[in-house]
2 protein chains.
Amino acid sequence: MATLGDIGVSAAINILSAFIFLLAFAFLRLQPFNDRVYFPKWYLRNLRTDPTTSGTFVSKFVNLDFRSYIRFLNWMPDALKMPEPALIEHAGLDSAVYLRIYLLGIKIFVPIALLAWSILVPVNWTNSTLEDATKFSNVTASNIDKLSISNIPTGSQRFWSHILMAYAFTFWTCYVLMKEYETVALMRLQFLASEKRRPDQFTVLVRNVPSDPDESTSELVEHFFLVNHPDHYLTHQVVYDANKLDKLVKKKKKLQNWLVYYQNKYARKSSQRPFMKTGFLGLWGKKVDAIDHHVSEVEKLSKEIAAERERITNSPKSIMPAAFVSFKTRWGAAVCAQTQQSKNPTIWLTEWAPEPRDVYWPNLAIPYVSLTVRRLIVAVAFFFLTFFFMIPIAFVQSLATIEGIEKAAPFLKSVIEMSFIKSVIQGFLPGIALKLFLIFLPAILMIMSKFEGFNSLSSLERRSASRYYLFNFVNVFLGSIIAGSAFEQLGSFIHQSANEIPKTIGVAIPMRATFFITYIMVDGWAGIAGEILMLKPLIMYHLKNFFLVKTEKDREEAMDPGSLGFNTGEPRIQFYFLLGLVYATVTPIILPFIIIFFSLAYVVFRHQIINVYNQEYESAAAFWPDVHGRVISALVISQVLLMGLMSTKEAAQSTPFLIALPILTIWFSRFCKGRYEAAFVIYPLQEAMMKDTLERAKEPNLNLKGYLQNAYIHPVFKASEDEEDDEINDEKWENESVIVPTKRQSRRNTPAPSKISGASSPPSLPEAVQELPQP
Amino acid sequence: MATLGDIGVSAAINILSAFIFLLAFAFLRLQPFNDRVYFPKWYLRNLRTDPTTSGTFVSKFVNLDFRSYIRFLNWMPDALKMPEPALIEHAGLDSAVYLRIYLLGIKIFVPIALLAWSILVPVNWTNSTLEDATKFSNVTASNIDKLSISNIPTGSQRFWSHILMAYAFTFWTCYVLMKEYETVALMRLQFLASEKRRPDQFTVLVRNVPSDPDESTSELVEHFFLVNHPDHYLTHQVVYDANKLDKLVKKKKKLQNWLVYYQNKYARKSSQRPFMKTGFLGLWGKKVDAIDHHVSEVEKLSKEIAAERERITNSPKSIMPAAFVSFKTRWGAAVCAQTQQSKNPTIWLTEWAPEPRDVYWPNLAIPYVSLTVRRLIVAVAFFFLTFFFMIPIAFVQSLATIEGIEKAAPFLKSVIEMSFIKSVIQGFLPGIALKLFLIFLPAILMIMSKFEGFNSLSSLERRSASRYYLFNFVNVFLGSIIAGSAFEQLGSFIHQSANEIPKTIGVAIPMRATFFITYIMVDGWAGIAGEILMLKPLIMYHLKNFFLVKTEKDREEAMDPGSLGFNTGEPRIQFYFLLGLVYATVTPIILPFIIIFFSLAYVVFRHQIINVYNQEYESAAAFWPDVHGRVISALVISQVLLMGLMSTKEAAQSTPFLIALPILTIWFSRFCKGRYEAAFVIYPLQEAMMKDTLERAKEPNLNLKGYLQNAYIHPVFKASEDEEDDEINDEKWENESVIVPTKRQSRRNTPAPSKISGASSPPSLPEAVQELPQP
């Protein structure tokens with residue numbers, strides 16, 4: 001068991017590395033040639049001009065103003081300066097509320113830490129159980145353990161203070177959670193209320209439109225809603241199956257990038273035409289002129305794309321049984337989204353349309369029965385992924401040993417027998433196999449969610465986040481506490497009695513405190529500090545900038561700010577809630593480490609959100625019920641584990657006192673669900689009616705139909721439309737360029753000046769495709 | 001362990017008693033003076049005239065037509081003759097669908113029994129495990145056990161046939177369940193579609209109306225709905241807190257009954273005025289003239305009632321924060337019921353209004369927070385009731401012993417020392433204590449449901465039914481399989497591992513088969529046969545008839561047909577589903593007994609529904625999702641227990657094959673929920689629009705407002721209105737007597753002639769109060 005000294009050394013190392021990261025960041029961000037990497041958000045909003053375009057040659061790349069280096073930590077107060085309403089304006093509600101998760105952590109754990117340190121630590125410290133044990137046997141106990149519950153003798157009356165504290169912590173956590181839920185719900189409603197007109201306010205997504213032999217899908221939809229919502233129906237858009245077209249467009253874009261690359265190469269060395277080979281990866285095949293080859297390929301693809309577009313718009317088979325139906329009023333849309341249309345509850349399914357840029361198009365056509373089957377398959381697959389993921393990895397690891405490689409590829413024997421390579425293989429390969437899997441895990445979970453059939457990016461991310469949390473809980477939390485793979489745990493849990501399981505885990509918890517302290521420092525301190533350095537985007541930007549960028553537009557394209565990544569980020573935060581709540585009564589010494597994590601992460605992510613990340617969509621904090629629910633579940637887990645631990649401490653009479661805690665907590669969660677969750681799911685009629693009335697008074701002659709007509713068009717149609725080399729100008733999409741209603745209207749009324757008012761908002765998905773480099 | 005002979009004796013006894021009950025019924029029902037007890041439904045529908053009013057004196061009371069006795073079992077084919085649509089016309093959809101539960105049992109278990117007997121019984125029979133065991137040890141095995149799974153040696157490959165059969169039974173059960181769900185959903189939709197206009201189609205119950213300092217509740221409701229449903233809002237009725245008035249009216253009715261009794265007594269012996277004492281139970285106090293006393297008491301109460309009515313209608317405090325809001329169209333009501341009105345999801349809660357006669361008035365005013373607290377309290381209370389109910393009973397039983405009584409009441413010592421009384425106390429009292437509790441159990445569960453705050457009688461009954469089923473499962477099913485009280489079981493389960501629990505129960509299951517066979521015969525055969533005799537209503541009717549009845553109307557009042565009692569009846573049927581599914585693979589010999597139960601019960605209840613029961617309300621089979629869900633849960637229980645049993649039989653390799661069964665079953669249940677449940681909860685807009693359009697075309701000048709104005713008035717107001725001795729004629733309720741829309745319109749179009757067309761339907765709750773005997 002680690003001593004205080006060990007922890008100190010580990011802390012020093014991690015603080016040092018965090019400090020180095022921060023220092024490197026402070027240095028790199030001041031260099032003009034990195035400006036687009038560290039401040040892309042401002043570029044996207046046209047609030048910042050490129051420093052590399054002005055000034056002397058050297059000052060274009062290196063910051064020579066030494067005074068700026070002195071204030072190298074200035075970004076921290078800068079990040080904290082922007083008030084919340086401005087932040088919502090600047091980055092959207094999703095990001096602002098995401099930051100509140102860190103604040104929630106601080107709000108919960110600072111009072112808990114104070115209470116725990118002023119009551120539990122003295123209670124634990126003034127015992128001598130571990131000292132006695134050390135005297136009489138060979139058990140070694142560190143000072144950390146003396147501060148934990150392990151130091152209290154079994155059957156002691158002092159455990160009452162822990163039970164009392166468990167109640168205090170639970171009540172405090174629930175209180176903060178409820179207040180926060182209330183605040184966030186209010187913020188969401190205010191945000192929705194303050195928004196300008198948006199197409200999704202008027203639109204409902206209809207899925208599982210039944211097929212009809214006499215009418216086309218479009219006619220059927222129109223007739224159905226004209227009959228059943230006669231006073232409110234306005235227009236609709238059918239959904240085309242454009243997945244193939246999408247692929248072609250992406251392929252074309254890739255080829256165009258290569259074309260640009262070769263053209264740049266040619267421009268630099270104009271004497272020499274670049275050549276390439278047509279075979280696999282350019283390694284073999286016929287040698288051709290690279291520019292000519294790509295030009296002809298791009299042309300071929302353009303024709304294919306045109307043909308495919310023709311096919312999609314003319315063939316009724318490419319119309320999916322889904323449609324976006326728009327209404328004359330928000331009230332009409334709210335009514336349609338919340339009611340059941342048909343006798344058969346599996347057809348004519350209506351739900352709120354996601355924002356146009358939030359729509360996940362490929363999933364819109366999945367029929368009802370298939371959805372339920374997919375859900376079952378994914379549930380089973382996730383179960384196996386969680387509990388059996390070690391099996392394929394162990395298999396890969398066994399292959400990755402010296403013997404495994406020699407067996408599989410005998411001709412490599414002489415190479416790998418070299419001692420350096422041998423040690424690399426033995427030391428790194430098994431770890432890399434596991435690491436690789438863990439890196440791919442979010443992607444695997446995302447694929448699962450996509451397969452399950454959700455139809456908006458936000459819901460995909462939310463579902464992936466809950467799966468990731470579960471995986472973390474089983475494999476990182478339980479896996480660290482109890483040795484052995486998750487599958488072995490599962491086996492032992494099945495064979496244990498229901499009240500043995502919390503005991504087994506509960507007993508092990510105080511012993512693993514030092515491990516988790518180290519974990520917090522590595523993952524939570526140094527890891528967060530590394531986050532701000534953004535090594536990968538930095539490298540990628542400079543590579544792209546060197547090889548591809550020709551125009552200012554290309555450069556904008558090259559900076560990939562990324563987004564918050566709710567599906568990986570949120571479960572990571574939740575893990576700290578879990579640790580904090582579990583250890584609050586057991587080993588309160590862990591709490592300051594967690595508070596430092598929350599504070600540091602809050603500052604870092606606030607900075608990133610202000611300066612870097614660019615959200616793909618805006619769900620208006622629809623994820624908060626998930627966040628709330630996971631903190632509640634962490635609370636219940638902590639209570640059950642405390643019960644288990646207490647019962648081994650021969651404080652069994654405490655069980656009746658502790659059993660009330662999870663019951664009350666679960667009841668509290670149900671209460672909150674009923675009280676607040678509706679605000680995140682449903683658009684109340686009162687609200688809708690209010691906005692409708694206001695709008696009618698303000699703009700009595702609004703052409704809503706024109707506004708909504710083409711709001712929900714597959715982005716690929718918009719993209720291909722814009723390209724000059726596409727001759728076909730299908731009138732169906734003609735008036736598309738007039739309105740691009742995919743932007744958040746609320747962002748337009750930013751107080752800051754913007755160069756082109758129409759382009760002040762960050763590019764949504766379709767626009768990103770529009771802004772392809774021109775050949 | 002019982003042998004086949006024992007079972008035979010038990011069967012003989014039960015068949016005999018069932019036969020005696022049926023014979024007694026056949027005899028009693030033919031006597032004219034019992035006619036109203038056995039055919040009340042026809043009287044209520046005015047389709048039958050009283051045989052006691054015509055014919056000779058003797059033939060008024062005794063049936064002298066001996067030929068009718070020969071055909072004494074004729075009621076059975078008679079009961080089966082009426083086709084289902086006619087049955088729905090006659091008794092409502094609830095009753096018709098209730099009968100389908102028995103049919104469902106027959107449909108599920110007849111093929112399962114055939115398959116089990118043709119495959120599993122031979123497989124079990126052709127082993128000699130038990131014979132060998134009998135030879136070598138003192139174990140006695142009956143022939144029944146030779147037919148069960150116990151006869152197969154551990155580790156035998158024959159278990160594969162059981163696993164295969166488990167799959168076959170599961171698929172068959174699921175298939176039948178799905179078909180049945182589909183049929184019932186269709187029946188419900190047809191029933192709702194074929195119905196004539198009913199107030200609840202246009203009405204929504206609004207709860208938790210917020211309080212407003214400037215407006216009364218009534219004004220507030222009107223303004224809110226005029227603003228938020230401007231095109232659809234028609235009218236509304238506030239809910240008065242009439243609980244006190246209700247009590248007074250009931251008290252008056254009771255006094256009037258006594259008055260009638262004394263008047264009848266006086267009329268018979270006109271020389272002598274009846275006297276009574278005013279004290280407790282008429283045992284002491286001043287002696288007064290009974291008729292005068294009651295007349296004055298009734299008058300006093302009438303004045304009190306008038307004052308109370310005055311108070312209610314004038315004081316704003318007696319208006320509860322709830323209202324019935326009616327709309328111009330069904331579409332408008334459907335929209336309002338399915339949507340959220342306000343930003344705050346705990347106020348302005350809307351839901352479909354129950355039928356007027358289905359409303360449970362006292363619960364309409366419970367605020368949201370109180371509801372969630374009540375739910376928690378009831379959940380905890382029900383947990384204790386289920387697992388600890390033996391504790392108070394054991395306490396009462398310990399008091400009810402000889403020593404207990406002698407200690408509590410020493411003066412009774414000489415009496416109870418008599419050997420006869422002693423044996424009665426020792427033999428019966430403890431059993432009676434338990435029996436009394438079990439008789440009161442449904443009432444206790446009903447009180448729990450009422451406390452929980454449901455606002456319709458149908459939902460109260462549904463909730464009580466699920467609680468009763470759970471109680472039965474824990475205390476009767478598990479309690480019979482494993483000895484010991486439920487609390488002891490709970491203790492042992494907590495201390496057992498998760499996979500030990502199904503093992504413990506699974507092993508005990510084949511051993512308890514004979515017990516359950518006896519149980520089925522006693523409860524399911526003789527019990528059902530006893531049901532048809534209706535001993536309690538028979539006695540009550542004759543008592544009332546003798547003491548109270550003066551007019552024809554009184555006589556109608558005296559016959560109390562009762563209703564199906566979903567809250568006790570349905571869990572009782574479900575218990576047979578549970579037994580059948582659990583034993584189908586284990587001891588298939590139990591199946592024929594269950595099939596006989598289902599068939600007998602089907603005939604008996606079909607007879608009762610046609611001739612006796614009079615439903616208080618019509619929920620249009622809203623209970624079917626519950627029925628379906630409980631059969632599914634029985635299926636899952638049977639699968640888990642089979643897994644437990646198999647693993648003790650050293651057929652452990654079977655577990656992976658069996659684990660898929662519960663997963664698939666649970667998935668199936670979720671699929672069905674998504675596919676069909678909406679039909680039982682939601683009124684689809686398409687349907688509403690269709691009926692609206694039809695109605696507009698047929699009756700363009702309908703005065704809907706007049707029709708709906710007073711549909712939802714507390715029954716007590718209607719009742720007191722009708723009485724002649726109530727002078728106050730509050731204009732508020734004046735036009736009430738024009739329309740009594742509490743009747744099911746569908747019953748009016750019965751083909752049979754009826755004396756008074758307006759009174760052809762059975763009295764709903766309010767009417768029952770109207771038809772008080774006049775003093």
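Just so we're on the same page: letters track the sequence lines, and every chain starts at 1.
A donor-acceptor contact shorter than 3.5 Å is absent between the side chain of Gln340(A) and the backbone of Tyr683(B).
Looking at Val227(B) and Met690(A), their side chains never come closer than 4.5 Å, going by heavy atoms from C-beta outward.
Atoms CG and CG, on Leu685(A) and Asn228(B) in that order, are 7.0 Å from each other to the nearest 0.5 Å. Phe668(A) CZ to Thr372(B) OG1: the interatomic distance, rounded to the nearest 0.5 Å, is 11.0 Å. In this structure, CZ in Arg375(A) is found 7.5 Å from CZ in Arg670(B), a value given to the nearest 0.5 Å.
Counting heavy-atom pairs under 4.5 Å between each of Leu371(B), Leu376(B), Val335(B), Ile666(B) and chain A puts Leu376(B) at the top. Contact tally against chain B (heavy-atom pairs below 4.5 Å) for Glu677(A), Lys343(A), Met689(A): the top residue is Lys343(A). Of the listed residues Ala679(B), Ala678(B), Ala334(B), the one with more heavy-atom pairs under 4.5 angstrom with chain A than any other is Ala678(B). Between chain B and the residues Ala185(A), Gly674(A), Ala379(A), the most heavy-atom pairs under 4.5 angstrom are made by Gly674(A).
Interface residue Leu189(B): only side-chain heavy atoms are found under 4.5 Å from chain A. For Trp331(B), the part lying near chain A is the side chain, with the backbone staying farther off; criterion is any non-hydrogen pair under 4.5 Å. For Leu664(B), the part lying under 4.5 angstrom from a heavy atom of chain A is the side chain only.
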Practice problem: Under the side-chain contact (heavy atoms from CB on, under 4.5 Å) rule, what do Trp667(B) and Val373(A) come out as? Steps first, then yes or no, please. | Solution: CA-CA 9 Å; Trp667(B) 172 80; Val373(A) 174; 3.8 Å; yes

Self-check item: side-chain contact (heavy atoms from CB on, under 4.5 Å) between Phe224(B) and Gln686(A), worked out
Solution: CA-CA 9 Å; Phe224(B) 185 85; Gln686(A) 196 181 16; 3.5 Å; yes

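More than 12 heavy atoms of other residues, nucleotides or ligands sit less than 6.0 Å from atom NZ of Lys328(A).
When every heavy atom of Pro684(A) is checked against every heavy atom of Ser342(B), the shortest pair comes out as CB-O, 3.4 Å.
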